[in-house]
Every structure is written in C-alpha cells, then in structure tokens.
There are 2 protein chains.
Amino acid sequence: MMKPTVNAKDVAKLAGVSQSSVSRVFFDGAKVTEKTRQKVLAAAKELGYRPNEYARSLITNSSKIIGLVMKGVQNPFYPQVLKQFTTSFKKHGYSVLFVHTNNDEIQSDDIDTLLNYNVAGVIITDASMSMNVAEAFQANRIPLVFFNRKLTSSQFHSVCCNNLNASRKIAEYLAALETGEMVYISGNEDTSTSREREQGFAEVLKQRGIAYKKYTSDFSYNGGYETAQKILSAGKIPSAVFAANDIMALGVMDAFRKQGVQIPEQVKVIGFDNIDMASWPAYELTTWEQPIEKMVDETVNYLLSEISEYTGRARAVEVEGSFVERKTT
Amino acid sequence: MMKPTVNAKDVAKLAGVSQSSVSRVFFDGAKVTEKTRQKVLAAAKELGYRPNEYARSLITNSSKIIGLVMKGVQNPFYPQVLKQFTTSFKKHGYSVLFVHTNNDEIQSDDIDTLLNYNVAGVIITDASMSMNVAEAFQANRIPLVFFNRKLTSSQFHSVCCNNLNASRKIAEYLAALETGEMVYISGNEDTSTSREREQGFAEVLKQRGIAYKKYTSDFSYNGGYETAQKILSAGKIPSAVFAANDIMALGVMDAFRKQGVQIPEQVKVIGFDNIDMASWPAYELTTWEQPIEKMVDETVNYLLSEISEYTGRARAVEVEGSFVERKTT
DNA sequence: CTGAAAGCGCTTACAG
DNA sequence: CTGAAAGCGCTTACAG
C-alpha cells in the first residue's frame, strides 16, 4: 500500500489550471493573478497538497537545510546555541540538520551527509575540521562558518566573542583585587578560544608584574574539578583562578569547597560564557557573558547573504560581551 | 557560475558503463558484478561523485531523515537524549532534523516542515501535540513515537521509563526513613511523566499512612527554587521532598540551603533523571536514573522496524531504571 | 499571466 | 548482470 501522495498535477486538474500555475502559487517570487491563486489554494487545501521538498531541491539544486555540527552538548552553552540557531533559521525558512561528533575532529561520514544533502550552509561549533575538508565545502560553494572557534587560516569565516578583550578585562579586574600568583585553566589547547583567552589574560598580568601558572584541561566539569585538585596538591593556593569556561569553573569551585577552601576569601574564581548555572545560588560565579544572540545573528546573516549570493568572502567577526560580577570575586 | 555537479551519467561515461549500473553500485541491495563495481568506483572517485540525496528521495518517495522535536534544551537531560539519538541513527544511515518548539505544543509550521521533508519517522520528546496533528502523521504512514511522554490515547507509540514503579520505590525508600508529611513537586501538570510519578508516590504513601502535599511547578530550576521558597514560607519543613525531575530538585536544594535548612538532616530531597549535575559534589542528589540508552534503543528499533514495514501498531513501552542513592537522603 | 514542455538526478521494472 | 527508458514532482525558460 502506497502513501497517497497528492501532487501539483492533481491540484491543477481540480483547480482547472495548468501544473505550472500550481507551482507558481507555491513558489515565492513567481507571479500569478489573484484569481488563479485562489482557485489553486482552494484545490490544494481540499486535497491536502504540500509541495515536495525533494523535487524542489532537485530542480533548484539548492536546499533549505543548514548543517549544524556540535560536539560538547554536555556543556550547557551549546544547547543554548542550538536552540537559538534553530529558532532563528526557522524564521527564514531553513531547517537544521543536527550533526553530533564524538571526536574532536568532524568525521568524513558526517561531511558526506552534509554534502549529500547539499546543505545551504554549515556551522561548525566546537568541533574542529581539517583544512582540506573545509575546502571541500568551498569547492562546492557551500558557505561555512566556525562558531566560537577561529582557524589560523584566514580563508574561513568565523564568529567569536572578542576573547582577547574579554580576558584582558578579566585580568585587569583581578589585578585590581589581588597581586599574588594566579592560575589560568585552559580548555583543549588546540582551540582558538582557549588560546586567545589565555593571551589577553597573560598580556595584562605581565604588564602588572603578576605571575600566573597554566594548567591544561578540557572545557569539562570533571576537567575543572581535577585541575583544582592538582592546584591544591601543588601546595600554594593561588590568589585567583580564571577558567576558560564556566563549566570548568564550577568544577573548580566544587573541588575547592570540598577541601574547605573559601571562595572568594582565599581564592577568587572567574569563568567564561555565563551559562544558566553560573547564576545559581550554589555558585554565583563571576564570569564573562558571551552574547549568544548577537553571535547567532551575525552567523545567520552571513550565511543568508552568502546563500543568496555566494562571494566566498571570509573574515573573523568578533562580538563584544560583558563582564558579569557575582560572588566568587 | 554554477556548482560543478557531477552526476551518475558523467561517471557512467568515464567508466564505460550505463547510468543504471552506476546507480546500482551506489544503491544498497542492487546487484552488480565486482568488475563493474570497480570500474564505477574508480570513475566516481576520480570525478568526486556522490549520489544526490534529493533525487533519491524523490524517486523512492522516502527519506533518510528523522524528525526530532524538543522543547526543554535547558534541562540537561534532553541534550543527552539528542546526542544519543543522533549517534544511534547515524549508525543506521539516518540523519536528524532538529526541531525546537518554544511552545508547549508543537506548532503547525513545524509539522509542515516535517511533512514537507517526508521524514522517515518522528520523535516527540517533551513537547506535546494535539491529537489531530498526530493523526496527520498516521495518515501519511509516518511512524511516530512519544519519548518520555505518553498520550492518554493508546493509538500512539511511546517509550518511557517505568515511572509508576520508580516512584513507588522512591516512596518506599522514603517511608522507611521518615514518616512526617512529605512534598511532591510536579512538573507541568499536563505531562504523563509528572502525573505518573505522583501516582506511584501517592499510592505507597497512602498505604503507609503518610501524608503529602503537592506543589505544582514546571520542570525547571527556577520552578524548583521558587517552590522551595513557598514550602518554607508555608511554615513547616516537610520530612522529604520528591521533585519530578532533577533540575527542579537542584533548585529546591539551593533554596533550602540559602535559608540554612540542612539536607538531609532537616529535609530529604530526591529527584528524577540522574543528570550529570546530580552527581556533582555540590549536590550529590539521590535520584532515579532514567536509562537513556535503553530508551533510545527501544525508540530507534521501533522506528526502524516501522520504516521497513509499516504496521501502525502502537504500544506504551516502559523501561526500568534504577535507584541512585547519594547524600540528600 | 498562463500553458506545454524540457529537464533536475536518480531508481527500477523490462528486455536482452 | 546490464542497458534503454520511463517516471518521481517539481521549476523555469519559451511561446502565446
């Protein structure tokens, strides 16, 4: 038994017009007289007609699908991002194909999926991608943006928070409060995000003659927790800890507290992102707010404009965020 | 300038075979001699050919896309679910179209999207859906499963944790510890999940002659937090609080602690889900673990079997979870 | 503005 | 097993 598919021809017959006219009624930008439109719409409604998206994509050689690649759904920052992208693209008539990579680097079967569906655009959030793979998208003239990540090569578009400026501000704030040795906890070292946040922080501390020690972690709660234990077992409690994201900062706080270390009296803690939990009474974490909405808007606008007219122009867009002072400093 | 699309015909020409043969090489289940296969594969590789998914879907009147509808991405339980579904479906050659609804009820434009893409199957997680909309999927013979929700009507398939059994066990556990009045904090009242969890809890408490009071909330952290404040301002601290999910339980804990109420000494707290945070040292929440993996497997298997042969058979699948005792009881 | 017709890139009976 | 051909449901020049 087949699904009873009703097509444009059926509607045309019932409406007493040509199949072309039916098509025009449902195709944005095509012209039909109001009278034809009404006849077609009535017939379509009666039959329960809906245009076949696959036939459309086939003939136009384009799709209304955006590929969104994500890895760290465990970090509450990203579900938030996913939600905003989906909502925003829906308004523009695009749907989101969700691709999850377990690995740091996006795998070739995921790329195949994206390419097979001829996605209108691709967003890579916290996964990375080898150069030649990114080039595969360029070769197919599929616009691509790295979200919250930046590649060293300038030939790819990226949208990030101004990490350098943010981490400078954080360092200045901390330097005004404390002058003892501090700690920076990095996320995965191969991410621009982690590197830039360290860079701005280091710059200012150097100016002020304040030393800091770096611990390498992985942007996860457990990573933060374990790093805090290492810090403590190293003997001296630092005057402040700047973690490259909030979820690590929460781990740090929990580990410190477990050892009876007072925050902020003995050590100040600052995160980055301003995820929901940062404002929870159990944490009240001082942090830097990433302006997700602005970042999403920038990304969507770029993608939309590249979809309507492909230029391949790429640049590193940076959006300012804002400092959120709470009770851990 | 057009995208340089290479199609099966191009490959056929280079390989010296017919376009049909090229198609057969890339279509699972079709037969070709090994010699032909090699020639085609070589040519395809040289040209960078990949089958057009839209032409495929058009001709087969089917797709390799699963629609996943979700609302509460703010609750860490759901990103986890999303991740597992994506991973599992990928193994079976399906991609996930992510649909986010802000509203409790899934909106008609989302349904249109799903229908236009002729999705192979649909999963509704925490959103609800009016009966006639669900019927639209049935009319199109698109298998549908409600995940972690159950409709009163038995004509739809659902996969849930055995909430009744779980909440009975929770009540028994609590009754063995305390006999004073308890509290149940519901999620959104129109969800089966919340109702069933109350039912099992109420049943057992009644048997044991223990009273409980119900507060209505919304499955969110803030909801739990505010409810705890209400509980406290009502005067008497209950012997135990059972929150319909973990994220509310965390809110409850934070509100209690803020008022200096000791957990578990003055009041015991139990959640439901076993999200990552429940195990964090700041909480160590006693809870019921929902077996996400098993629930996802059940859902995927059902969908896959209905996709390969549609029966329309529906039943309410229930999966057992397990009690996780930590330090809040 | 409207209709007849070509064609997007595939799958799949049908012959051979 | 393989090839020629029909056809999936659309969009879009091209005439009228």
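For A:Y49, a side-chain nitrogen or oxygen approaches OP1 or OP2 of D:dC10 to under 4.0 Å. At least one side-chain nitrogen or oxygen of B:T33 sits closer than 4.0 Å to the OP1 or OP2 atom of D:dT2. OP1 or OP2 of C:dT11 lies within a sub-4.0 Å distance of a side-chain N or O belonging to B:R56. OP1 and OP2 of C:dT11 both lie 4.0 Å or more from every side-chain N or O belonging to B:S20. Remark: A:N52 is not in phosphate contact with D:dG9, judged by side-chain N or O atoms under 4.0 Å from OP1 or OP2.
Between the side chain of A:S88 and the backbone N or O of A:F85, no donor-acceptor pair lies under 3.5 Å. A donor-acceptor distance shorter than 3.5 angstrom exists from the side chain of A:S57 to the backbone of A:E53, with no hydrogens or angles considered.
Note on residues 58-83 of chain A: pairs passing salt bridge (Lys or Arg N to Asp or Glu O under 4.0 Å), not counting sequence neighbours, are A:K71-A:D104.
Note: CZ (A:R24) to P (C:dC1) measures 9 Å, nearest angstrom. For B:F26 and D:dT2, the CZ to P distance is 15 Å, given to the nearest whole Å. The CZ-C1' distance, from B:F27 to C:dC10, rounds to 10 Å in whole Å. Protein atom NZ of B:K13 is 15 Å distant from nucleotide atom C1' of C:dG9, rounded to whole Å. Taking atom CG on A:L58 and atom C1' on C:dG7, their separation rounds to 9 Å, with Å as the unit. The distance between atom NZ of A:K31 and atom P of D:dA13, rounded to the nearest whole Å, is 13 Å. Whole-Å rounding puts the A:K9 NZ to C:dA5 C1' distance at 13 Å. Regarding A:D10, its CG atom lies at a distance of 9 Å from the P atom of D:dC10, rounded to whole Å.
Remark: B:Q155 CD is packed, more than 12 non-hydrogen atoms of other residues, nucleotides or ligands lying under 6.0 Å away.
The residue A:Q19 sits close to a base: some heavy atom pair falls under 4.0 Å. Among the protein residues, A:R50 comes within range of the sugar-phosphate backbone only, with heavy atoms under 4.0 Å from sugar or phosphate atoms but none that close to a base. No contact: A:S57 has no heavy atom under 4.0 Å from any strand. At the heavy-atom level, A:S23 lies under 4.0 Å from base atoms of the strands shown. Heavy atoms of B:S21 sit under 4.0 angstrom from primed sugar atoms or phosphate atoms, though from no base atom.
Checking B:R149 against B:T193 by side-chain atom types alone, a donor-acceptor pair falls below 3.5 Å.
Between B:F89 and B:Y94, the ring planes are perpendicular. Angles over 60° get that label, and only those under 30° would be called parallel.
The side chain of A:T36 has C:dC1 as its nearest neighbour among C:dG7, C:dC1, D:dC1.
The shortest non-hydrogen separation linking B:T191 to B:N188 is OG1-O, 2.8 Å.
Each of A:I66, A:L114, A:V122 was scored for a side-chain contact (heavy atoms from CB on, under 4.5 Å) with A:L97, with one residue passing: A:L114.
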For DNA chain C, the dot-bracket pattern of Watson-Crick and G-U pairs whose distances stay under 3.5 Å, | for other-strand partners: |||.||||||||.|||
